[in-house]
2 protein chains.
Amino acid sequence: MERSGGRGGQPRVPTREVVLAAVRLFTENGFEATTMDQIAADSGVSRRSLFRRFGSKEDILFAGHDELFSTVAGYLRASPDEPLTTVFAAARLVLQDYLGDPEVTLPRYRLVRAHPRLRDREVAMTARYQAAFSRYLARQEGTESGSPVAEMAAASLIAAHNHVLRGWLRDPEQDGQEVLARFEEAMDLVRRVAEPMLHAEGGPGNDRVLVAVYPGGIGREELLRRIGAAVQESGRV
Amino acid sequence: MERSGGRGGQPRVPTREVVLAAVRLFTENGFEATTMDQIAADSGVSRRSLFRRFGSKEDILFAGHDELFSTVAGYLRASPDEPLTTVFAAARLVLQDYLGDPEVTLPRYRLVRAHPRLRDREVAMTARYQAAFSRYLARQEGTESGSPVAEMAAASLIAAHNHVLRGWLRDPEQDGQEVLARFEEAMDLVRRVAEPMLHAEGGPGNDRVLVAVYPGGIGREELLRRIGAAVQESGRV
DNA sequence: CTTTTTATGGCATCTAGTGCCAGAGTAAAG
DNA sequence: CTTTACTCTGGCACTAGATGCCATAAAAAG
């Protein structure tokens with residue numbers, strides 16, 4: 001594969017090595033105590049090139065996230081499946097990206113927990129995903145303009161995704177398959193919440209949503225009796 | 001009211017004037033193009049005192065937000081009402097704080113939209129509220145540990161709040177009462193979504209959630225027939 | 001081999017942010 | 001009223017992240 005599209009150039013900065021060196025230095029000496037000069041010296045790259053390539057010290061720690069976001073955004077544009085299924089798969093891409101690179105994502109998680117500034121940065125990243133999901137859902141599901149349902153659905157999805165992700169970050173020993181299973185479970189929950197919200201407004205325009213909570217194992221007849229009682233005899237419902 | 005507790009001190013930095021001066025400079029010259037020296041000169045305060053009081057250039061723009069967060073956190077600790085009602089009221093405090101200070105919040109919104117770095121900062125602020133709401137709900141509603149429902153509920157709430165808030169920020173001419181009405185409407189929607197989620201897990205432990213979407217006006221009998229068909233004859237449901 | 005293109009690396013510079021210390025101003029004690 | 005104690009301001013020096021400029025090294029195209 002040819003690089004960026006041009007014709008020549010000096011050998012590029014070895015991105016991966018720089019990131020690993022930076023992560024090591026951040027972990028050993030702390031994020032603020034580590035200077036760009038140290039990272040430059042340690043990774044054999046000039047300070048100037050570090051800034052050119054990564055933009056900022058923080059960006060070294062989150063390198064690759066922009067690319068991942070592009071991948072996710074492209075996936076949404078391709079829209080292979082039904083909308084919710086598509087955004088779930090897109091979120092799964094993010095989760096798998098974390099799972100597949102523990103060498104970076106785990107120490108980064110520890111750093112992010114310790115430094116508010118880095119935490120803010122990570123939060124901002126997830127907000128970008130949320131915004132992208134929200135826009136996609138609003139467009140695909142054709143929710144009423146002015147309605148917050150697409151935002152709420154995207155927010156729930158991100159919250160559920162992050163919940164599962166944090167579970168792994170805190171206890172990375174657990175099997176990746178197990179984590180993915182928990183993710184699917186969480187997405188089922190999101191679907192149960194989001195689907196009625198989205199369809200209730202996006203459909204013919206007069207759909208209603210009925211949500212019933214009942215003790216498990218009461219049987220079909222009893223369930224119907226309770227619902228019938230709950231909706232009263234008011235006629236049209 | 002006496003200040004911090006000590007005995008003396010030089011007159012304090014006039015916070016409000018500094019903020020207004022900064023907002024004006026940011027708006028006229030751009031955020032990055034404005035230096036702390038300019039703000040210092042323009043507001044008649046030394047550069048050193050600006051940093052001491054606000055911490056950073058960004059913090060001038062978001063001054064008062066920490067105090068607001070403390071107010072909100074305190075409100076949650078007081079917990080006057082039922083949990084969801086309490087978090088709704090807490091969110092309302094935030095909305096009203098924005099509505100009540102358009103002189104700052106409106107130009108800030110324009111700046112935040114233009115500068116990704118400021119946007120990230122604002123996002124981080126809302127994430128703090130979301131985390132506080134989530135913790136509060138998890139504690140109050142006693143959701144199963146490991147379940148993402150409290151996070152999802154808080155995320156939906158924040159999304160709905162921000163939706164209403166952005167609506168006003170984009171069109172600040174509309175009446176504050178109108179905005180608040182939209183807020184209440186949005187919170188109703190959040191309640192319909194969040195309540196079953198939270199209670200389904202916090203109850204006896206085996207509750208199920210049934211969500212049915214149906215065309216409005218079909219009548220009670222037809223509704224029951226459809227639900228009966230949907231849940232099949234599997235016996236226990 | 002020469003040209004073109006693209007990336008690196010050194011240098012100067014700008015400015016956000018911090019530690020330090022002197023001094024101003026206020027409130028209480030005598 | 002004077003002294004004392006305390007707190008906050010403001011100036012100074014300094015660190016380090018970040019950017020523009022320019023020379024130069026290396027790879028691809030001819």
Side-chain angles (χ1 to χ4, degrees), chain A residues 1-19 21-23 25-26 28-63 66-67 111 115-118 120-121 124, chain B residues 1-19 21-23 25-26 28-63 66 111 115-121 124:
Chain A
M1 183 164 85
E2 198 183 11
R3 61 191 153 183
S4 32
R7 279 208 267 180
Q10 215 169 59
R12 284 195 141 194
V13 162
T15 306
R16 182 74 183 174
E17 270 109 82
V18 172
V19 171
V23 165
L25 287 170
F26 291 158
E28 288 173 4
N29 313 334
F31 178 76
E32 278 125 41
T34 305
T35 69
M36 288 298 265
D37 283 308
Q38 283 178 267
I39 302 172
D42 213 77
S43 61
V45 175
S46 79
R47 186 187 127 94
R48 190 65 187 83
S49 289
L50 287 187
F51 277 111
R52 207 189 322 267
R53 212 161 167 64
F54 297 97
S56 76
K57 195 164 79 165
E58 291 179 9
D59 283 332
I60 299 179
L61 201 52
F62 295 97
D66 278 355
E67 197 185 342
L111 289 164
H115 301 271
R117 204 166 139 200
L118 297 177
D120 289 357
R121 179 56 182 271
Chain B
M1 186 163 83
E2 198 182 12
R3 58 191 154 184
S4 18
R7 276 208 267 180
Q10 215 168 62
R12 285 196 143 196
V13 163
T15 306
R16 181 75 184 174
E17 271 110 83
V18 172
V19 171
V23 164
L25 287 169
F26 291 159
E28 287 174 4
N29 312 333
F31 177 76
E32 279 125 40
T34 305
T35 69
M36 288 297 266
D37 282 309
Q38 283 178 267
I39 302 173
D42 212 78
S43 61
V45 175
S46 78
R47 188 186 122 93
R48 190 63 187 87
S49 289
L50 288 187
F51 278 111
R52 207 192 318 272
R53 237 189 131 51
F54 298 97
S56 76
K57 195 164 78 165
E58 292 179 10
D59 283 331
I60 299 180
L61 201 51
F62 295 98
D66 276 357
L111 289 163
H115 300 272
R117 204 166 137 202
L118 297 178
R119 180 188 292 264
D120 289 357
R121 178 56 184 269

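Atom set for the values below is all heavy atoms of this structure, side chains included, hydrogens, waters and symmetry mates excluded.
Between D:dG10 and B:S49, a contact under 4.0 Å exists linking OP1 or OP2 to a side-chain N or O.
Nucleotides of DNA chain D nearest to B:G44 and A:F31 differ in position, and the one nearer the 5' end is that of B:G44.
Atom CE in A:M36 sits roughly 12 Å away from atom C1' in D:dT19 (whole-Å rounding). Straight-line distance from the CG atom of B:L61 to the C1' atom of C:dA16: 16 Å, rounded to whole Å. Computed from coordinates, the B:L25 CG to C:dT15 C1' distance equals 16 Å when rounded to whole Å. Per the geometry, CZ belonging to A:R117 stands 13 Å off C1' belonging to C:dT18, to the nearest Å. One can place CG of A:D37 at 14 Å from P of C:dG9, the figure rounded to the nearest angstrom. Atom C1' of nucleotide D:dA18 and atom CD of B:E32 are separated by 11 Å, given to the nearest angstrom. One interatomic measurement links the two molecules: CD of B:Q10 to C1' of D:dT7, which rounds to 9 Å at whole-angstrom precision. With rounding to whole Å, A:K57 atom NZ is found 8 Å from D:dA16 atom C1'.
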* Worked check of side chain to side chain contact (heavy atoms under 4.5 Å, CB included) between A:E58 and A:L61 -> CA-CA 5 Å; A:E58 291 179 9; A:L61 201 52; 5.8 Å; no
* To do: Given side chain to side chain contact (heavy atoms under 4.5 Å, CB included), test A:Q38 with A:N29 step by step and report yes or no.
  => CA-CA 11 Å; A:Q38 283 178 267; A:N29 313 334; 3.5 Å; yes
* Run the side chain to side chain contact (heavy atoms under 4.5 Å, CB included) check on B:E17 and B:V45 step by step: do they pass? -> CA-CA 10 Å; B:E17 271 110 83; B:V45 175; over 6 Å; no
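The shortest non-hydrogen separation linking A:T34 to A:L25 is OG1-O, 3.3 Å.
Which of C:dG25, C:dA16, C:dT8 sits closest to the side chain of B:P11 comes down to C:dG25. Considering only side-chain atoms of B:S46, the nucleotide from C:dG9, C:dG17, D:dG10 that sits closest is D:dG10.
Interface remark: the A:R48 side chain does not form any donor-acceptor pair with the C:dA12 base, using a distance-only criterion of under 3.5 Å. You'll find a donor-acceptor pair under 3.5 Å spanning the side chain of B:R52 and the base of D:dG10, going by distance alone.
Taking CZ from A:F54 and CG from A:D66, the interatomic distance works out to 12.0 Å, rounded to the nearest 0.5 Å.
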